[in-house]
Amino acid sequence: MPTTRADGAAPPDTADLTRLSRAAADCTGCGLYRAATQTVFGEGPRRAEILIAGEQPGDQEDRQGRPFVGPAGRLLDEALAEVGFEREALYVTNVVKHFKFTERGKRRIHEKPSRTEVVACRPWLVAELRAVRPRLLLLLGATAAQSVYGTAFRITRQRGEPLAPPDELAGLFGVAVATVHPSAVLRAPDRETARTVFVADLRAARER
Ligand code: URA
């Protein structure tokens, strides 16, 4: 079964998350699979009411093969718990499913995925949305938000706003809300304030 083409990912036509995840493991739809350890597919229940999408796996996620298990994931888990979300009840994924990095000595430094890589990977996100059909899509950071709403989307202007699905994703989720990425909170000069605002965004999203 071909899972990729030169122009991006080509997921099988199924709503079975296990089959999708297996197919994604062999994805060569863009060049990122060459340096990454493995595909990091989403995880969580098929009936999750909330789907959270981040940018791409980081160093720890690439090694462990699971999304949001490194420092950003710990911050996300704490913030989710603080507003009363249980991570196990949510479907958690990334819009790009391979780690992109540059090597500096022994360290692997995160590199932002290009628009071409985001677009190449988008069919996997669409397949996950088609399988889960969440009521709320929570987009963490500009790359995730722009994967769904296009490059004109600005987190600074539109964070926290309820967003209807774009026409091509109509029916695949109820409403989306975008906020900052937890890594941005970790990097913020005033981390406590950034964290408070992030938690407030999650709380507002929960109330929706
Ligand atoms: N950052 C992300 O966007 N996703 C992860 O899984 C980890 C860090």
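Whatever order the structure lists them in is the order used to number ligands and atoms, beginning at 1. Below, all heavy atoms of this structure are taken into account, side chains as well, without hydrogens, waters or symmetry copies.
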Quiz item: So Asp59 and Phe101, side-chain contact (heavy atoms from CB on, under 4.5 Å) or not? Walk me through it.
Solution: CA-CA 8 Å; Asp59 180 69; Phe101 58 93; over 6 Å; no

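- Heavy atoms of Glu61 found under 4.0 angstrom from ligand 1 belong exclusively to the side chain.
- The ligand atoms of ligand 1 that sit less than 4.0 angstrom from a heavy atom of Pro67 are 6 (O).
- Of the N or O atoms in Ser183, none lie within a sub-3.5 Å distance of an N or O in ligand 1.
- Using a 4.5 Å heavy-atom threshold, the side chains of Val180 and Ile155 count as touching.
- With contacts defined as side-chain heavy-atom distances shorter than 4.5 Å, the pair Arg154/Arg159 does not qualify.
- Listed by atom number, the atoms of ligand 1 under 4.0 Å from His181 heavy atoms are 1 (N), 2 (C), 3 (O).
- Checked for salt-bridge contact, Glu117 and Lys100 meet the test: a charged N lies under 4.0 Å from a carboxylate O.
- Remark: minimum distance from atom 4 (N) of ligand 1 to any protein heavy atom is reached at Asn94 OD1, 2.6 Å.
- With Phe85 as the aromatic partner, Arg206 meets the cation-pi criteria of under 6.0 angstrom to the ring centre and within 45 degrees of the ring axis.
- A side-chain N or O of Glu128 and one of Tyr91 form a donor-acceptor pair less than 3.5 Å apart.
- If you check which protein heavy atom lies closest to atom 2 (C) of ligand 1, you get Gln56 O, 2.9 Å.
- Considering backbone and side-chain atoms together, Phe68 places an N or O closer than 3.5 Å to an N or O of ligand 1.
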